[in-house]
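For the numbers below, each heavy atom of this structure counts, side chains included, while hydrogens, waters and symmetry mates do not.
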Amino acid sequence: MNQQHQHFDLERINNISIVDVAKRLGSVRKTGSLYLTLCPWHDDSNPSLVLYHRTNENHCHCYACGKSGSVISFVMQHEGWTFVEACQWLSNEYGISTTSARGYWLRPKPKPVERAVASGFTYIPTQMVDELVSAENSLCQCLMQMFRPEAVGWITEEYRIGCYTMNGHDNCTVFPSIDKHGRVCNLKVQHYDTDPQSPRFAHCTPHSCFWLGSIWMREGRLPKEARLSSTCMFGEHLLNRYPESVVALVESPKNALFGALAFPRFTWIATGNKAMLRRDVLQPLRGRNVIVIPDRDAISEWRAKICQMADLANFTVFDICEQKAPEGALKFDIADYLQQQRHVPP
């Protein structure tokens with residue numbers, strides 16, 4: 001676990017003009033106000049990939065095959081590179097510095113906390129989160145036994161998943177809740193069983209769930225009077241990055257990561273728990289096409305709530321967890337289903 005990790009300035013990378021990147025990798029055609037290039041996601045002979053680079057927009061969308069992507073995913077697909085290779089090339093090409101860190105055990109120095117004047121909320125400095133980002137955490141260790149390591153590395157960076165020492169475990173998983181403005185609202189810490197022979201493989205170990213924001217407040221690393229937002233969905237920050245994609249909404253962050261690896265064409269978001277399926281929490285989904293995938297024990301409750309919010313987004317409830325659950329299994333989620341499909345002990 002002592003290997004060096006490269007941390008990329010994803011905020012700056014994602015703000016690189018996708019039009020300029022496409023010009024460096026190939027030809028770009030301007031038609032009126034639109035920029036077009038050949039789509040790397042399908043055999044494209046007539047440019048069909050539209051490049052959007054306006055205020056708060058920097059992405060691409062193909063109206064032939066329906067694929068959408070960020071600057072990073074465009075480079076990955078165009079060149080056949082991994083997430084890390086694409087980030088490294090973009091950093092080198094545009095002079096964006098990277099930093100090396102030794103994973104989760106680095107204790108970041110306290111920085112001035114960000115405050116939202118209008119709401120009164122306190123936001124956790126992004127640098128404190130970036131210092132923790134690492135695929136050495138227990139959940140990513142489980143995922144690497146089921147999916148390609150480079151794909152796990154990709155979601156680690158996309159969702160800013162971290163690693164933290166807690167309660168005798170040096171590989172607890174950190175799930176940051178980052179809102180649509182890129183502000184870190186809180187961080188959930190959980191530990192997972194990494195033994196593939198264990199019946200609890202890839203499941204949370206007992207008494208291992210904590211909120212890191214509250215711990216940092218007690219330790220004095222955040223103001224003790226800090227008021228942290230509790231209405232942010234996990235993965236919410238990706239909604240602006242992929243504005244055209246269909247959203248898949250699940251309950252737990254773990255389910256969102258499993259889903260993102262198995263079905264990457266969707267943008268996977270998690271409410272955090274069953275009770276957080278509320279209108280105020282789901283506001284960032286307004287106007288989107290959303291597939292709702294409840295855990296088996298929440299299907300009836302979530303279906304009823306979604307019916308009351310039909311005006312908010314184009315919701316479709318998918319009851320796969322009820323269809324595929326083993327007989328007698330009251331608790332069953334999309335991660336359980338994917339483990340079942342890949343013949344990993346549930």
Closest non-hydrogen atom pair, L285 against A313: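 Closest heavy-atom pair between L285 and A313: O-CB, 3.4 Å.
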
Q141/N137 under side-chain hydrogen bond (donor to acceptor under 3.5 Å, both in side chains): CA gap, chis, key distance, verdict: CA-CA 6 Å; Q141 290 172 8; N137 63 76; over 6 Å; no

Cation-aromatic face contact R24/Y94, 6.0 Å, 45 degrees: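 Geometry flag: set, cation within 6.0 Å and 45°.
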
Student check: side-chain heavy atoms of N58 and V19 closer than 4.5 Å: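 No, every pair of side-chain atoms sits at 4.5 Å or beyond.
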
Note, W302 side chain near K274 side chain (heavy atom, < 4.5 Å):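 In short, these two side chains touch, coming nearer than 4.5 Å.
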
Pairwise distance CZ(F147) to CD(E150) - rounded to 0.5 angstrom: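 These two atoms lie 12.5 Å from each other.
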
Over 12 non-hydrogen atoms of neighbours within 6.0 angstrom of CG in D311: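 More than 12 heavy atoms, drawn from other residues, nucleotides or ligands, come within 6.0 Å of this atom.
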
Enclosure of K224 NZ (heavy-atom neighbours >12, cutoff 6.0 Å):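 12 or below, so no.
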
Do you reckon [X] sits in the same ILVMFWY cluster as [Y], going by side-chain contacts under 4.5 Å, direct or chained?
X	Y	result
Y192	M144	yes
F266	I72	yes
V174	M217	yes
L239	Y159	no

Step-by-step side-chain hydrogen bond (donor to acceptor under 3.5 Å, both in side chains) determination, N167 to H191: CA-CA 10 Å; N167 283 10; H191 182 263; over 6 Å; no

Aromatic ring proximity Y337/F332, centre distance under 6.0 Å: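 Centroid separation for Y337 and F332: 6.0 Å or greater.
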
Side chain to side chain donor-acceptor pair (under 3.5 Å) partner of D336, the single match among K324, Q341, H203: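 Testing each of K324, Q341, H203 against D336, the sole residue satisfying side chain to side chain donor-acceptor pair (under 3.5 Å) is H203.
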
Among S245, S68, S48, the one residue meeting side chain to side chain donor-acceptor pair (under 3.5 Å) with H61: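 It is S68, the one option of S245, S68, S48 that forms the side chain to side chain donor-acceptor pair (under 3.5 Å) with H61.
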
